[in-house]
Amino acid sequence: MDLEEAKEFKERCTQCAAVSWGLTDEGKYYCTSCHNVTERSKEVINTGAIPNTKIQAINRGLKRKRKLEKGWDWYVCEGFQQILYQQAEALKTLGVGPKLKDEVLHNFWKRYLQKSKQAYCKNPVYTRGRKATVLEDNPSHSDWDSEPDLLSDFSCPSFVESGPDSQLDSRTQKPFPISKASQSASICSGSLDGVKYSQQKEKGIVKMTVPRTLAFCYLSLLWQRETITLSDLLRFVEEGHIPYINAFQHFPEEMKLYGRDKGIFAIESWPAYEDIYKKMIEIAKFLDLPRFPDITEDCYLHPDILCMKYLMEVNLPDEMNDLTYQVVKMTGIGEVDFLTFDPIAKMAKTVKYDIQAVAVIVIVLKLLFLLDDNLEWTLSNIAEKYNEKNKEDKPWFDFRKWYQVMKKSVDEKKQKWEEARAKYVWKSEKPLYHSSIDRAVVYKRREMVVSLQKQFSALTDSAPTVEKKSPSSFQFNWTEGDSAGTCFHGHSLQGILKKKGQSLTTKNSLYWLSTQKFCRSYCKHVTTYEESNFSLSYQFIINLFSFLLRIKASSLHEEVSLIEKRLFKRKYSKTQKKSRSRKRRKY
Amino acid sequence: MSDFSEELIESKTEDDQEESYVFSGTGMSFPWLQNHIGTIATGGKKEKDFAQTTSACLSFIQEALLKHQWQQAAEYMHSYLQILEDSDSHKRQAAPEIIWKLGSEILFYHPKSNMETFNTFADRMKNIGVMNYLKVRLGEPGGGFREGTDCMEHWLWCKNNEYCYRKYLLFVYLWGICCLWTDEDDYAYNAASQSMLNHSCKTSVNLGALIQTPGVWDPFVKSYVEMLEFYGDRDGAREVLTNYAYDEKFPSNPNAHVYLYNFLKREKAPREKLISVLKILYQIVPSHKLMLEFHSLLRKSEKEDHRKLGLEVLFGVLDFAGCTKNITAWKYLAKYLRQILMGNHLAWVQEEWNSRKNWWPDFHFSSFWAKNDWKEDKTLACEKALVAGILLGKGCRYFRFISKQDDEVLRKKIKRIKKSVENHSIVNPGL
C-alpha cells in the first residue's frame, strides 16, 4: 500500500476514472478512491520504464516488510537471555562492576544452557568443547556486547538468512540442530518452541523461568561478593530498577511474543525472598558450581558489617555494634566456612546474610531490653529521667522514644508502600494475546481500558505519577543534628549496661527464647510464628525488620530462633522444659 | 448511589477467600497451613500478587469514597481498571459491575467531572455489558422505582436528553426525601429514605447545582426547599426558589412562582415583594387561585397602581369559566366595586368593563344563570346580583330576578343590594 511505489502506474481507474493507485499485499494495483483492484501487478509495469536497481530495491523492500511482519524466529531460552542481559545492564547502572555481566553471569548462563540443552534437545549435536571454555577466565571480548552476536550463539538457519551481519564467533559458535519446526513458527506461540517448552517436564532439569533469572543474578552477585543482598535485589525489582515484570517489553521488535509465551514470560507476582533463595540453591546445585569465593570479615556480606549497616538504618545506637560483634563471635556465624556458599557440600546451604544480620540485632535488643512489654519501658523511664537532668551529656538511649520515632516512620513508609503496590500497573503496554483469534479481543479490551483510564486521569491533578525513587541501599536515613533529636546513632547505652569487673554486662539478666522446641519432621519449617504468643515489643521489632527486608515475619522469627539455638547450645542439649526459660547471660 | 460503598464493603467480604484458621487440638494455629488451604480454592496455585494488589486497590477506592476523597479515588480507579484485563475470567467478568458502581460515584461527585464525562463513561460501560446490572440496581430498595427505571432506560437510549439524565440523577437522590416528607406508611421505606436523606444533606451542594439546570423539577424543588427550611437554611431555600422562578433558561412554570410565593409568605416577606412575585404569576396564569390572595394584597396596598391592578386581577379571575361559581371572587368583586366607586375611580371600572360588556352578561348574568345560581347557592346569587346591578344597572335580568326573590334569610341582604345598586351603578338609569 505504498503510494510511492505505485506512482508509475498512470492509467485511469475503470470504475471511477481517478488516477490514484496503491499496491496491495500481493503486489497488485488498486484504486485508492474506489478500491477497485486491478489484475495488473508491479512486475509487469517495471520492466520497461524503470532501471534494474530500482526493481531490486523495491523487491527487497517488499521482502523486508514481509519479514518484519512475521518477525524473527526465536527460542524461549533466547528470551531468557534477553532478560538476563537487561538485568545485568540494570545492575551495572546500580554500580555493580562490569565483570559481573561480562564474565560471571555470562558464564553461569552458558553453563546452564550446556547443562540443560544436553538433555533438552532431541538431537544432541553440539560440541563438548564448550564446557572447557566456561571455567577459564575469559579475558577476551565478551559475547554480550553486540546483540546479533548474542543471538548467533544459538543461531538457526533461518536466522542466518535474515541477519546479514552475523559473524559467528569461531570459538563459541555452533549452530542449533535444525528441527523441522523451525521453518514455520509455531502458531501457538511467538517463539519457536513455546508450546514444547511449557509442556516439557523433564526430570533432573531445572527449567528456566523468569523468577530464576533473579536467582542467576543473585548467584553472580554472590560470586562477586557485591554489596547487594538478596533482599536489596528483590526490593530493587519491586521498585522497578531491575527489569522483571514485563521484562519482555524490551525485547527487540522482531521477537514477537504471543500464545504460550505469555505463560512463560508474563509474570504477575513479585519475587519472594524464600522462593528466590530456594531457586538459587537449586540452580547452583544443578550447575555443579564449585565453592564460592570466601566471605571474610571485610566483606560486605559479613554479619559484622551488615549489622552495622542495619543498625544505622533503623536508627539504633552505634554502641550496639559491640554487642552484635560479640553475639556473632559467640555463635560462630562469622566464620568463613560458615558463611561461604558451597553448593556441592553435603548439606548444601547458604546463609541468608541479611536475615541473619537482622536476627542478630533482634537478639541484641532482647538481651538489652528483654522485650517482655515491661522491662524495656522501665529502662526507658530511667533513661528519660537521666536525660532530663543531664542535657549536656551524651543522652542515654531511650527505648520508648526510639519506638515512637520508628513507629511513626515505619507506619508512614508502609502506608506509602501499600498505596504504591495497590496502584501498580501489571499489564504491559502492548497486550499479550493467546492466538490470532483473541488478538482482536485483547487489543479492543486494551483500547477500552486506556480510554477509561484517560477519563479518570483527567480528573486527577497533573503530575500524579509517583516519582521513581533513585535506588538506594538505605530505606531510612537518619542524620545527626537533625530536627529535635530524631537520630539515635550517637546515643549511649550507659543506662542499660553495667560494669562487671573489666567488662560491661547488660543490666538485664534475663532472656526468653523465641522457640523452645524445634520441629524435627520433614516439614519445611522448623518453627512457626504465632504473633499472639509474643510480647508487643517483640512483634513490633519483628514487623519492623521484616518490612525492611520485605520478608515474612515468620522467616525472621525462624532465623532468630536458629541463632539463639546456636547461642544457647547448652540449653538445648538439656531436656526440654515447657515453661519459658530464664537464663543468666554472661559475657 | 450513596450506599454503594457500604454495600460493596459487605460484598467484599464475601468475595474474599475465607480466612479459615486451622486449629489443632491444643488451639494452635498454623498460618502456613492456612495458605495451603486457601490455595485449594484457586486450584492449588498461590494467589498472584496481581490479584492481591487489585483487591487492595479496590479497598482503597472504597475508603476514599467513604472519606469523600474524590481525587484519590480517581487515582486508584485509574490503576484498578487493569482488572478488566485479568487473565482470571471470573474476575474479569465481575469487574464491569464494580467499576460501574464505583466509577459512576466518582464521576458524580468529582468537581471536575461533568455530564459529558459521565455519559462517555456510561457509554463505555454499556459496551462492556453492564446493562443488566443497571436495571436490577434501580429496582431496589423499595418498590417505588418504576418511574426511575423508565427514566433510566429512556436516558440510556437517548442520553443526549439532558432532562432525563438530570431527572434520573435527582430522582435517585431525592426519592428518599420525597418518601420522608410525604406521608408514606411504609416504615421500611422510611428507614432507607432516612439514611438517604442524611446522605443527601451532605450532598445538598451538588443537588443545588443540579436543580439549576433548566427543567421542570417541581416535586424535587418543593421537597428540597422543605429540607433546606427544616435545616434552617432559609437563604439557600430562597436562592433556590428565586432561581427556579426567575431564571430565564427555565421553562415558564407557574408552580415555581407559587412555591416562591408560599415561601415568602412563610417568611413574612414585605408586601411589595409578595406582590412582585404574584404579578408574574398573574401574567402566566390569571385564573390561578392565588389571584384572590393577590387581589387582597393589592387592595391593601397604598399604591394606586396596585389598587387598580387589584380590580384587573379580579376581573381576570372571573373571566374564566372555572371561577364562575367562586363565591369569594364574587364577594371580593362586589365589595371592591363599591369601594372603588366610592373612591371615585369610575374610570377604572369602565376600563375593565369595556372589554367585557359584550360577553359578560351572557356569560355570567343570563337568566339561566340567575335561576341556576339561586337554586344552587343563594349567597352566590346575591353577590353576583350586586355586581350585575352595578355593572349592568338594575334593569338587567339577573338583578331583577334576584331582587324579586323572596327569601327569609336573605331578605335584608337583598334590600341592601338594591340600595347599593341604586347608589353605585355605573349605568345611568334609563339608558
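- There is no contact between Ser532(A) and chain B, counting heavy-atom distances below 4.5 Å.
- The shortest side-chain heavy-atom distance between Pro243(A) and Ile83(A) does not fall under the 4.5 Å cut-off.
- Interface remark: Ser87(B) contributes backbone and side-chain atoms alike to the contact with chain A (heavy atom separation under 4.5 Å).
- Heavy atoms closer than 4.5 Å to chain A are found in the side chain of His110(B), but not in its backbone.
- The shortest side-chain heavy-atom distance between Tyr273(A) and Arg550(A) does not fall under the 4.5 Å cut-off.
- When heavy atoms are compared at a cutoff of 4.5 Å, Phe121(B) approaches chain A by way of both its backbone and its side chain.
- A cation-pi geometry, defined here as NZ or CZ lying under 6.0 Å from the six-membered ring centre and within 45° of its normal, holds between Lys352(A) and Tyr277(A).
- For chain B, no part of Ala266(A) is nearby; none of its heavy atoms comes within less than 4.5 Å.
- More than 12 non-hydrogen atoms from other residues, nucleotides or ligands lie less than 6.0 angstrom from NZ of Lys414(A).
- When heavy atoms are compared at a cutoff of 4.5 Å, Gln453(A) approaches chain B by way of both its backbone and its side chain.
- For the pair Lys430(A) and Tyr443(A), the cation-pi test (distance below 6.0 Å, angle within 45°) is failed.
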